[in-house]
Amino acid sequence: MASLLRERSGTLGRASSDDSLRLSSLSLTARSLTESLPLPFGELGCKLSDQELRETAYEIFVAACRNTAGKPLTYISSSERAAGSATPSSAERSLSSVSSMSASPSMQRSLTSTAASKMKKALGMKSSKRGPGKESSPSRTVKKPMTIGELMRMQMKVSEQADSRIRRGLLRISASQLGRRVESIILPLELMQQFKTSDFPDQQEYEAWRSRNLKLLEAGLLLHPLVALEKSDVSSQRLRQIIRGTAERPIETGKNSESMQALRSAVMPLASRSADGFSSEAYHWADGSPLNLHLYHVLLEACFDYEEGSIIDEIDELMELIKKTWTVLGITQMLHNLCFLWILFYRFVKTGQTDLDLLVAADNQLMEVSNDAKSSKDVVYSKILSSTLSSILGWTEKRLLTYHDTFSATNIEFMEYIVSLGVSSAKIMVEDISHEYRRKRREEADVARSRIDTYIRSSLRTSFAQIMEKVDSNRRSAKNQSISVPVLAILAKDIGDLANKEKNIFSPILKRWHPLAAGVAVATLHSCFGNELKQFISSVTDLTIDSVQVLKAADKLEKDLVQIAVEDSVDSEDGGKGLIREMPPYEAESAIANLTKAWLKVRVDKLRECFDKNLQQEAWNSKDTNKERCAPSAVEVLRLVVETIDAFFQLPIPMHPALLPDLMIGLDKSLQHYATKVKAGCGTRSSFIPALPSLTRVEIGSKIWKKKDKSQNLQRRNSQVGTVTGEGSFGLLQFCLRMNTLHHIRTEVENLGKKIKTCLRNVESAQADITNGFESKFELTLSACQEGIQQLCETAAYKMIFSDLSHVLWDSLYVGDTSASRIDPMLKQLDLHLEKISNILHDRLRNRVITALMKASFDGFVLVLLAGGPSRAFARQDSQILEDDFKALKDVYLADGDGLPVEVVEKAAAQVKSVLPLFRIDTESLIERFKQLIIETCGGTAKSKLPLPPTSGHWSPTDANTVLRVLCHRNDEAASKFLKKTYNLPKKL
């Protein structure tokens with residue numbers, strides 16, 4: 001018999017070497033494939049091995065194939081089946097003689113009677129050229145054909161000895177339960193009742209058999225019953241206890257023992273439960289999911305040749321017998337269709353994916369499943385369907401998402417059916433299982449089109465990445481060769497070849513599900529290459545021969561891809577507009593412009609970095625200055641700017657005038673950044689103006705300036721002089737150098753405009769009208785320089801007056817005796833500082849800084865008079881001293897006609913000159929003037945109580961606060977009493 005099977009497999013296994021070569025790229029090892037393709041029916045949750053499932057399935061099969069009228073199965077010994085001449089034992093003869101004529105005719109049917117398979121024809125499969133009993137070679141002896149039953153036993157890998165035992169047991173059961181149908185028998189229980197240790201070759205095989213039946217009862221009645229168990233079910237609890245107890249006290253089988261009676265009493269109530277709650281003759285012990293599906297899967301496996309993997313020719317007769325198990329396993333036509341779909345697909349995968357017949361059969365069987373899915377509302381079936389299709393879809397998508405690796409021109413016939421399996425599975429899952437879809441009812445074509453779209457895009461992206469890697473690898477290997485073509489130029493050519501391959505080989509197949517398959521493919525390739533092109537453009541700093549070559553190759557590729565898309569979408573509804581929108585133009589000229597802009601950005605960023613670095617290294621020391629008396633960093637900054645302009649006009653681009661504004665903006669912002677940094681940290685004029693002390697009145701009759709008070713008042717006034725963090729390092733020299741630097745930048749920016757005009761005339765792309773109309777605008781830089789110079793002027797002036805000269809102004813001028821502490825020391829120091837300014841500062845800035853210094857000194861003088869604190873007191877006769885000293889201060893800036901213009905000095909002195917006459921007015925008149933000003937400001941409410949006027953900061957004889965401050969510094973008894981009575985001002989701070 002084994003030789004006959006080998007003969008069958010040898011005949012069917014002879015395939016042409018060309019076929020095997022054609023399928024080699026699709027085939028993988030069965031082991032690796034089945035490891036990732038488990039049964040989709042769910043886990044059993046018990047340790048039933050594949051062999052145990054086969055033995056159980058075979059027992060059910062043999063039991064189900066007995067006479068449908070209820071007559072017992074005929075038992076024929078193995079020796080009789082093998083030779084036909086041996087004498088049977090007495091026991092076997094007695095059993096055989098009882099009903100030898102009642103054996104199932106189909107089981108005993110000879111294989112020679114097998115006609116052409118109707119099932120294979122229905123599944124679209126080719127019938128085998130070999131007959132069931134045909135010899136494989138002329139030298140072989142023709143053997144007696146075996147029966148369908150014998151074929152099933154061998155397919156199920158059941159030994160003759162086990163087969164004999166099973167049939168013997170079934171005959172005993174049938175004899176004791178005459179007339180009972182197979183679905184009314186709990187097979188594991190009844191077989192345990194029939195067999196004991198002596199029926200097995202050894203104790204180990206007996207214990208394995210007994211253990212298998214108990215695990216089967218556990219799986220069918222406890223783990224996966226047809227009707228769900230309640231926690232309080234007594235029978236289920238009792239059965240669990242019995243099964244757990246067998247480890248210590250094994251059940252005595254083969255007789256009506258106490259342990260068997262206990263087992264039967266627990267099993268029968270559980271097996272007799274039905275879904276509708278009514279009792280029936282049928283027992284439910286193997287029809288719960290997924291146990292029934294696992295057992296049915298084992299039976300269906302018998303329909304395949306184990307060596308070749310193909311469907312056996314006797315499929316029709318064998319399937320007729322397998323269907324007799326439906327009543328026991330609870331299998332319906334829909335479940336059979338689904339299980340048969342899975343086994344066809346599973347066997348195709350398991351046998352190396354080389355049998356196109358199996359793939360075609362699976363695809364056709366899926367149509368049956370699709371029809372079932374539309375009409376089924378069974379939740380359990382839907383769950384199994386979903387799991388099965390998910391597994392199939394997962395496998396197919398793994399290959400279709402990279403179909404360029406899976407298929408080629410040699411095995412392309414497999415692709416159509418694998419695509420069909422994947423798409424059909426997805427459609428059933430979405431349209432017939434998904435409740436959300438039923439609510440929305442989208443168009444039928446959406447699912448298929450969406451899947452194909454995904455496959456195309458995914459596979460082409462993968463292929464693109466592989467080509468990229470290959471091209472890059474070739475480039476590295478040819479790095480030392482003299483000829484070097486840019487990577488993207490080679491890539492563009494290879495992508496063009498891939499697009500043509502897609503159009504000619506794959507798109508005709510995929511077009512069945514997606515009308516624009518080729519268009520989607522080229523749009524994907526266009527996008528992939530476009531991404532690489534963008535990265536290429538962003539990575540280069542200069543336009544070179546290589547970059548131009550890449551852009552030309554990209555332009556040619558784009559035209560080829562667009563042409564394919566247009567041809568593919570001629571008959572589409574929108575004429576391919578949607579696809580073209582997915583393919584934004586590469587635009588070589590725009591790419592050059594963007595590349596140039598990127599270059600400009602890099603250069604400008606580097607420029608700013610260099611500016612910052614130069615500023616950080618700048619010492620602002622007169623020893624480092626040049627003939628322009630500015631910082632060396634300014635000279636370097638301007639040199640870098642000129643260098644950048646020259647580099648820009650040397651670029652091999654046809655669009656200098658168009659991109660020049662980008663360059664100008666970048667340079668302008670960079671120079672503005674430098675100018676802003678130059679003035680950074682210098683502070684403002686308000687940083688150095690001292691805070692005004694509280695108002696006090698003069699203490700009459702006592703020495704105004706005591707030695708003890710001197711140090712306190714000096715300390716207090718010094719603390720009132722404003723400072724800025726880090727200002728200690730900013731001396732007059734630094735201020736002057738910074739102003740010179742900003743002036744130099746401002747001057748040279750004007751010269752840069754002339755240079756740019758000259759460069760424009762020399763480039764081929766420039767036209768006369770563009771050149772003539774060009775205006776060099778460094779507005780941000782000029783504005784920053786102007787503001788910086790102004791801020792540095794004012795800050796330097798106020799720092800000099802209120803910080804550098806505070807010892808001769810704020811700390812000593814008119815302190816104590818007015819006549820003994822006049823302005824002469826301050827004028828001497830002022831002359832020295834003015835001389836320094838003249839020597840360091842640029843001529844164009846000198847008067848501007850001296851003007852700012854003059855204003856600051858005038859502000860300082862008036863502050864001494866009006867906010868000098870209790871250490872200063874002026875009598876009416878001191879007014880002449882004050883006027884003479886202020887005149888002397890003005891003369892410093894007039895410098896006998898060589899200084900500032902008279903009108904400028906007089907304009908700055910107007911405020912002080914308006915305040916000085918107040919010091920000549922007598923006290924009573926001042927008090928009256930003060931009262932009148934308060935009334936004018938506050939109205940009639942001020943007559944009863946004079947409010948304290950606020951400090952406006954603008955000193956004027958018509959300002960009540962100014963008049964009040966003159967009274968506060970008046971060395972007069974009347975003034976002191978008035979201030980004491982009106983505001984209760986103290987004599988000291």
Q: With ring centroids as reference points, do His656 and Phe648 lie under 6.0 angstrom apart?
A: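 Yes, ring centres under 6.0 Å apart.
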Q: In the structure I gave you, are the side-chain heavy atoms of Ile837 and Leu853 within less than 4.5 Å of one another anywhere?
A: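 Yes. Closest side-chain heavy atoms under 4.5 Å.
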Q: Answer yes or no: is there a side-chain heavy-atom contact under 4.5 Å between Val698 and Asp972?
A: no
Q: Under 4.0 Å between a Lys/Arg side-chain N and an Asp/Glu carboxylate O for Lys606 and Glu609?
A: no
Q: Does a salt bridge link Lys755 with Asp646, judged by any charged N lying under 4.0 Å from a carboxylate O?
A: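 Yes, charged N to carboxylate O under 4.0 Å.
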Q: Less than 4.5 Å apart, side chain to side chain, heavy atoms only: is that true for Lys828 and Val808?
A: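 No - every pair of side-chain heavy atoms lies 4.5 Å or more apart.
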Q: Applying the side-chain contact (heavy atoms from CB on, under 4.5 Å) criterion to Arg965, which one of Asp959, Leu692, Val915 satisfies it?
A: Leu692
Q: Which residues pass the ring pair (Phe, Tyr, Trp, His ring centres under 6.0 Å) test with His969, not counting sequence neighbours?
A: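 Result, ring pair (Phe, Tyr, Trp, His ring centres under 6.0 Å) vs His969: none returned.
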Q: Applying side chain to side chain donor-acceptor pair (under 3.5 Å), can you list everything that pairs with Asp898, at least two apart in sequence or on another chain?
A: none
Q: Is any side-chain heavy atom of Leu964 closer than 4.5 Å to one of Leu948?
A: yes
Q: Can you check whether Tyr798 reaches Asp859 side chain to side chain, under 4.5 Å on heavy atoms?
A: yes
Q: Determine, for Glu883 against Lys913, whether the closest basic-nitrogen to carboxylate-oxygen distance falls under 4.0 angstrom.
A: no
Q: Can we say Lys907 and Glu903 salt-bridge, meaning some charged N sits less than 4.0 Å from an Asp/Glu carboxylate O?
A: no
Q: Please check this pair: side chain of Thr962 against backbone of Thr958, looking for a donor-acceptor N/O pair closer than 3.5 Å.
A: no
Q: Salt bridge check, Asp605 against Lys601: does any charged N sit closer than 4.0 Å to a carboxylate O?
A: yes
Q: Check Cys785 against Ile745 and note the closest heavy-atom contact, atom names and distance.
A: SG-CG2, 3.8 Å
Q: With under 30° as parallel and over 60° as perpendicular, where do the rings of Phe930 and Phe978 fit, or are they tilted in between?
A: perpendicular
Q: Counting N and O atoms only, with roles assigned by atom type, does the side chain of Asp668 sit under 3.5 Å from a partner on the main chain of Thr781, one being a donor and the other an acceptor?
A: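 Side chain of Asp668 to backbone of Thr781: a pair is present.
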Q: If only atom types and distance count, is the side chain of Thr795 paired as donor or acceptor with the main-chain N or O of Cys682 below 3.5 Å?
A: no
Q: Are Ile840 and Leu733 packed together at the side-chain level, in the sense that at least one heavy-atom pair is separated by less than 4.5 angstrom?
A: yes
Q: If we ignore hydrogens and angles and just use 3.5 Å, is the side chain of Ser914 paired with the main-chain N or O of Gln911 as donor and acceptor?
A: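 Yes: the side chain of Ser914 pairs with the backbone of Gln911.
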Q: Ignoring hydrogens and geometry, is there a side-chain-to-backbone donor-acceptor pair from Asn740 to Arg629 under 3.5 Å?
A: yes
